[in-house]
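Predicted, not measured: the structure shown is a model, and the values here were computed from it.
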Amino acid sequence: MNAPVSTPGLLYEGADWDFSTLMRIHDACEEVAVRDLGLDFYPNRIEIISAEQMLDAYASTGLPLFYRHWSFGKQFAQHEALYRKGLRGLAYEIVINSDPCLSYVMEENTATLQALVIAHAAFGHNHFFKNNRIFREWTDAKGILDYLEFAKGYIAECEDRYGEIAVERVLDSAHALMNYGVHRHHRRTIDLRSEEQRVRERRAHDERMYNVLWSTLPERASHAIGADEVEKRRAMLQLPQENVLYFLEKSAPRLAAWQREVIRIVRNVAQYFHPQRQTKMMNEGCATYVHHRILNTLHREGQLSDGALLEALHSHTSVIMQPDFDDPRYSGINPYALGFAMMEDIERICREPTEEDRVWFPDFAGSGDPMPTLRYGWSEFRDESFILQFLSPHLMRKMKFFHLKDDAAQPVLRVDAMHDERGYRRLRRALAKQYDPAWMDPDIQVVDVDLAGDRRLILEHRVQDGRLLEEQEARQVLRHLASLWSYDVLLREIDPATGASLREHAVSPPR
């Protein structure tokens, strides 16, 4: 493509672009990001992909370097059918939390859309990935790309050696358990770059542990097990354990070494995505705010034309649109809309605070420059805590938030938070709770194994607010768990306050 720059000062004219255009856009965005916003980011690596490659990336959970699995092909076909019929669009970009930060941008994008996505992904998301505490402590940005290459090669090698059906069976079950394959409460930073070298060492060590743990046990014990022996057994197996995939990788009795390594790969990928689940609203809000500031600054400085800014604003407003609750498009709160609104509201409080703002946010109201507050928020919080710390009464009114308490035990619905100080705080807590994985995700842990009897695996679901698991879905997931464990599985749903069992699900492995 040829994109001559004929107007002095403009980065480009028209919709066409070439690689020199992208370089000019990147350098101009970088200057504003550093000079005006004080951003700190990984080096950028930008790759151009086609619509078909973007659909392929969609199917593989946003990781274009991923291994093969039948479900990815199924999702590709679904996404492609909707795209070809014009029933859905495609993302302008995909960005990977890596060092260097890898951004995939669509070759079909116009020059203005390339400017928007470079500002959004290569500087907004990039800064967030590098600086947010959860990403710093839980992910290995330097090692993820090499690890994905290793994982892809390892899965392919296993398919050649053990057959695609055998590998697919393990991946099916591991994928079904991905949401229960992360460490949520303990920092476990993984050096992904050394994973490939450690495979053989880990395999030899694990096999010795499995032999000691399982080979001497009878199928059924002839005597009762005392409390001391139960506690010793639980300590040996590191129970209770919230990370079900980790437990299976280390302790499932009949898995071969390659199957354990496949589970470990799925578990490491699940851990990689865990911080993104906790920061979706903030991450998108940060990136959207950054691209909005950068593009407006470039326009003000004469580097973007009026037409280019209008094109960018059209895409921007489409992304941050929040449908009303009675709109057919409504599917909850748009994370782009809430995230961007909160970033803009923090800027307003810093530059033009009201008396209400000064009461609620005395630390930064009227400070003048919003960037120190924003950079601090992007660094130290996740969605739940960010809402608790920074959501203002002004924005609650603007977005028309209210708290509707739906208690199944009551005959009528009750509006639970009015627009007064007490009501605002209750509403803010209620909204923040919806972004807390600890509250939204079921609390399921492996609690025991009947080593002296039939080796049944026992799990507990600590029920919150009376929310039992959907029975059919629970049994489907447990079947995958039993397939990897190779023995019966029992899941008890218990009341955490009393310890009473509310319901039980028992599943046997496929024969």
Side-chain angles (χ1 to χ4, degrees), residues 39-43 61-63 65-66 94-103 121 124-151 174-175 177-196 198 202 238 240-250 261 263-287 335 339 375-389 432 435-445:
L39 302 187
D40 174 32
F41 38 82
Y42 296 123
T61 64
L63 295 175
L65 300 175
F66 219 14
I94 285 179
V95 59
I96 294 179
N97 168 33
S98 59
D99 181 8
C101 184
L102 180 54
S103 300
H125 282 309
N126 189 346
H127 172 88
F128 194 90
F129 287 146
K130 184 177 181 181
N131 293 276
N132 183 264
R133 180 179 296 277
I134 298 177
F135 284 93
R136 294 200 316 266
E137 294 184 350
W138 286 85
T139 62
D140 178 11
K142 285 188 176 294
I144 185 62
L145 296 180
D146 289 340
Y147 186 71
L148 291 176
E149 287 284 0
F150 157 69
H175 283 182
L177 296 165
M178 279 186 82
N179 287 343
Y180 313 103
V182 295
H183 294 290
R184 293 181 173 86
H185 304 296
H186 304 285
R187 177 179 173 180
R188 290 178 179 265
T189 303
I190 303 170
D191 181 6
L192 295 176
R193 288 169 295 176
S194 65
E195 280 291 285
E196 186 172 3
R198 292 165 56 196
R202 183 166 61 246
Q238 301 179 28
Q241 176 59 254
E242 64 175 354
N243 191 327
V244 177
L245 284 181
Y246 176 80
F247 177 82
L248 291 171
E249 174 200 336
K250 297 301 181 185
E261 197 63 42
I263 291 175
R264 184 177 180 85
I265 287 171
V266 174
R267 181 170 67 79
N268 284 339
V269 171
Q271 195 71 59
Y272 167 85
F273 279 113
H274 188 53
Q276 301 196 33
R277 292 184 63 228
Q278 298 180 81
T279 58
K280 172 72 173 178
M281 182 273 295
M282 284 181 64
N283 201 341
E284 297 299 353
C286 166
R375 290 195 300 267
Y376 169 70
W378 298 338
S379 172
E380 299 301 322
F381 295 85
R382 63 179 188 175
D383 288 348
E384 174 213 8
S385 55
F386 189 77
I387 290 171
L388 284 172
Q389 184 71 22
Y435 289 84
D436 182 6
W439 186 78
M440 296 298 294
D441 296 343
D443 180 8
I444 297 176
Q445 299 186 22

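Taking CD1 of Ile144 as the reference point, atom OG of Ser98 lies at 8.5 Å (rounded to 0.5 Å). To the nearest 0.5 Å, the span separating CG on Asp441 from CZ on Arg277 amounts to 4.0 Å. Asp140 contributes atom CG, which lies 11.0 Å from atom OH of Tyr272 (distance to the nearest 0.5 angstrom). Taking CD of Glu249 as the reference point, atom CG of Asn268 lies at 7.5 Å (rounded to 0.5 Å).
Val95 has its side chain out of reach of Leu102: every pair of non-hydrogen atoms, C-beta onward, lies at least 4.5 Å apart. Proximity of Trp138 to Val182: side-chain heavy atoms (C-beta onward) are nowhere separated by under 4.5 Å. A 4.5 Å side-chain heavy-atom check between Tyr435 and Ile387 finds at least one atom pair inside the cut-off. Between Asn131 and Arg375, the closest side-chain pair of non-hydrogen atoms is not below 4.5 Å. Proximity of Glu380 to Asn132: side-chain heavy atoms (C-beta onward) are nowhere separated by under 4.5 Å. Using a 4.5 Å heavy-atom threshold, the side chains of Glu384 and Pro437 count as separate. Between Met440 and Asp436, every side-chain heavy-atom pair lies at or beyond the 4.5 Å cut-off. Annotation: side chain of Ile134 is not in contact with side chain of His274 (no heavy-atom distance under 4.5 Å).
Here the side chain of Thr279 pairs a donor or acceptor atom with the backbone of Pro275 at under 3.5 angstrom. Distance alone, capped at 3.5 Å, is enough to place a donor-acceptor pair between the Asn126 side chain and the Tyr42 backbone. Using a distance-only test at 3.5 Å, with no hydrogens or angles considered, a donor-acceptor pair links the side chain of Asp383 to the main chain of Met281.
Taking every heavy atom of both residues into account, Gly181 and Ala270 meet most closely at O-CB, 4.1 Å. Considering all non-hydrogen atoms of both residues, Gly377 and Phe386 come closest at CA-CE1, 4.0 Å. Closest non-hydrogen pair, Phe128 versus Trp378, comes out as CE1-O, 3.7 Å. In terms of heavy-atom proximity, Gly124 sits nearest to Cys286 at O-SG, 3.6 Å. Considering all non-hydrogen atoms of both residues, Leu245 and Ala174 come closest at CD1-O, 3.9 Å.
Side-chain atoms of Asn283 and His125 form a donor-acceptor pair, as typed in the model, at a separation below 3.5 Å. A donor-acceptor pair shorter than 3.5 Å can be found between the side chains of Thr139 and Asn97.
Side-chain rings of Phe129 and Phe41 stay apart, their centers remaining 6.0 Å or farther from each other.
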Any chance you could lay out the salt bridge (Lys or Arg N to Asp or Glu O under 4.0 Å) test for Lys130 and Asp40, step after step, and finish with the verdict?
CA-CA 8 Å; Lys130 184 177 181 181; Asp40 174 32; 3.0 Å; yes

Please test Leu248 against Leu177 for side chain to side chain contact (heavy atoms under 4.5 Å, CB included), starting from the C-alpha separation and ending with a verdict.
CA-CA 11 Å; Leu248 291 171; Leu177 296 165; 3.9 Å; yes

Show, in sequence, the C-alpha distance, side-chain angles and deciding distance for Asn243 and Tyr180, and conclude whether the side chain to side chain contact (heavy atoms under 4.5 Å, CB included) test is met.
CA-CA 6 Å; Asn243 191 327; Tyr180 313 103; over 6 Å; no

Begin from the C-alpha positions of Arg267 and His183 and carry the test side chain to side chain contact (heavy atoms under 4.5 Å, CB included) through to its verdict.
CA-CA 10 Å; Arg267 181 170 67 79; His183 294 290; 3.9 Å; yes

Decide yes or no on side chain to side chain contact (heavy atoms under 4.5 Å, CB included) for Phe135 and Gln276, but give the supporting numbers first.
CA-CA 8 Å; Phe135 284 93; Gln276 301 196 33; 3.7 Å; yes

